[in-house]
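Encoded as structure tokens, the structure appears first; notes follow it.
Numbered from 1 within each chain, the chains take letters A, B, ... in sequence-line order. From a predicted model like this one, the values you see are computed outputs, not experimental measurements. Values below: all heavy atoms of this structure, side chains included; hydrogens, waters and symmetry mates excluded.
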Amino acid sequence: MKNQDIPERLLNDQHMDSLSSFRMYQHTLDRTIDTHWHQFYELALVLSGTGIHSINGAPLRMGRGHVFLLTPADFHRIDPDPGQTLRLYNLIFTERMISDKLAGHLFERSNAYHCEYGQEEFTEAEREFERILSESAEWREHGDIIVQGCIERLLVDLSRSCPPSEKEEAVLPVHPSIRKALVYLQHHFRSPLLLEDVARLAGLSANYFSESFAKQTGLTFQAYVRDMRLQFAKSLVSATDLPITEICYASGFNTLAYFERAFKTRYRVSPGNLRRLEADLAGTVGV
DNA sequence: GGTGACAGAAAAGTAACTTG
DNA sequence: CAAGTTACTTTTCTGTCACC
């Protein structure tokens, strides 16, 4: 797979240069932002306006106080209501901006975070976002430490405000190295991955890593990564009309043949057929 | 709890093809 | 022309074992 074959939109974002680990925006949206995803984390707070926010294909109402955190494993789409302008703080950052401890805690859950802030929480969050804005507007000494503090406070508040639902109370590997690897995988599962590299990152030998990983997650390393990619691909198949080929590469697969094979083995149906089946179903139900 | 060697197993890629 | 299949090859992983 050569780079020139990958559709432009799937290559990683121009939004963040390699030097900085975060970027802060104040967005004003009056038109649809079509389905997209990032290599980094995205935290946002809606200041005003209303619309529909679809996270991984699931639509949610959004308005003032709506807050969400997306990981690189999520994709989303924003449709402002007709005549409405959405204003929001938008912060993107890489895992370098947060401590291992916080990353491990936040991203052990499977779903994206989203909830509605009350006035008090809203004011708190607004203050942190404002501080990040002012720190990034002009460089001052140790600005990075301030920003990191703001981001970490925002994230802790968010996790307190939207506790995980019962059903997703995942049992997590206790082994700190494996936890670290899982956080890394969540961030990088769409990129080429070698067990050896992830093992090194986790600080274990390849063999022992492979063994411990399987023991703690119940899946082998390869199966785990493949499942993450397939899950992402399946959501895209269902929620978008992107071509299957594009979804294949976007999900981290390098060949269409293998992708089709793996998809069919896992879901008993080829990607294209799944899309047609779901379209038919939606048609008969009248959605 | 952990490493390193190693063989066999499984995954992933290639290429050529069919289908609609 | 994109999607899907298949036989075949190459690469990578996993399980086992000896050892610390």
Near-strand residues of residues 266-275 of chain A, defined as heavy-atom separation under 4.0 angstrom from DNA chain C: Ser270(A), Pro271(A), Gly272(A), Asn273(A)

Going by side-chain contact (heavy atoms from CB on, under 4.5 Å), name the residues that satisfy it together with Glu121(A), two or more places apart in sequence or in a different chain. Tyr117(A), Ser161(A)

Among all residues two or more places apart in sequence or in another chain, which pass the ring pair (Phe, Tyr, Trp, His ring centres under 6.0 Å) test with Tyr267(A)? Phe263(A)

For the atom pair CZ (Phe129(A)) and CG (Leu43(A)), what is the distance rounded to the nearest 0.5 Å? 4.0 Å

Pairs involving residues 176-202 of chain A, ordered by first then second residue, that meet ring pair (Phe, Tyr, Trp, His ring centres under 6.0 Å) (sequence neighbours left out): Tyr41(A)-His187(A), Tyr184(A)-His188(A), Phe189(A)-Phe232(A)

Ring pair (Phe, Tyr, Trp, His ring centres under 6.0 Å) assessment of His36(A) paired with Phe75(A): CA-CA 5 Å; His36(A) 67 286; Phe75(A) 59 90; 9.6 Å; no

Do Ser21(A) side-chain atoms and Phe93(A) backbone N/O form a donor-acceptor pair below 3.5 Å? no

Considering only Ile, Leu, Val, Met, Phe, Trp and Tyr, and joining two whenever side-chain heavy atoms are under 4.5 Å apart, list the other residues clustered with Leu194(A). none

To the nearest Å, give me how far apart NZ (Lys215(A)) and P (dG1(B)) are. 10 Å

Is the Phe213(A) to Tyr224(A) ring centre distance short of 6.0 Å? yes

Find the distance Leu219(A):CG to dA11(B):C1' and express it as a whole number of Å. 15 Å

So Arg276(A), base contact, sugar-phosphate only, or nothing? Heavy-atom distance under 4.0 Å. sugar-phosphate

Taking 5' to 3' order, which nucleotide of DNA chain C is first and which is last to have an atom within less than 4.0 Å of a heavy atom in chain A? dA3(C) to dT16(C)

Annotated protein contacts, base or backbone, on nucleotides 3-8 of chain B with a non-hydrogen cut-off under 4.0 Å, one of B, S, - each: BBBB--

Going by the rule salt bridge (charged side-chain N to carboxylate O under 4.0 Å, His left out), which residues pair with Arg226(A) if we only count those two or more places apart in sequence or in a different chain? none

Just jot down the side-chain contact (heavy atoms from CB on, under 4.5 Å) partners of Cys150(A), sequence neighbours excluded, or say none. Glu128(A), Arg131(A), Ile132(A), Ile146(A), Arg153(A)

Using atom names, set out every protein N or O paired with an N or O of nucleotides 15-20 of chain B below 3.5 Å, distance rounded to 0.1 Å.
none

Looking at His38(A) and Phe40(A), would you say the former's side chain and the latter's main chain have a donor-acceptor pair under 3.5 Å? no

For Ser212(A), all residues meeting side-chain contact (heavy atoms from CB on, under 4.5 Å), sequence neighbours excluded: Ile178(A), Tyr208(A)

Hydrophobic cluster (4.5 angstrom, side-chain heavy atoms) - remaining members for Trp139(A): none

Rounded to whole angstroms, how far apart are OH on Tyr224(A) and C1' on dA11(B)? 18 Å

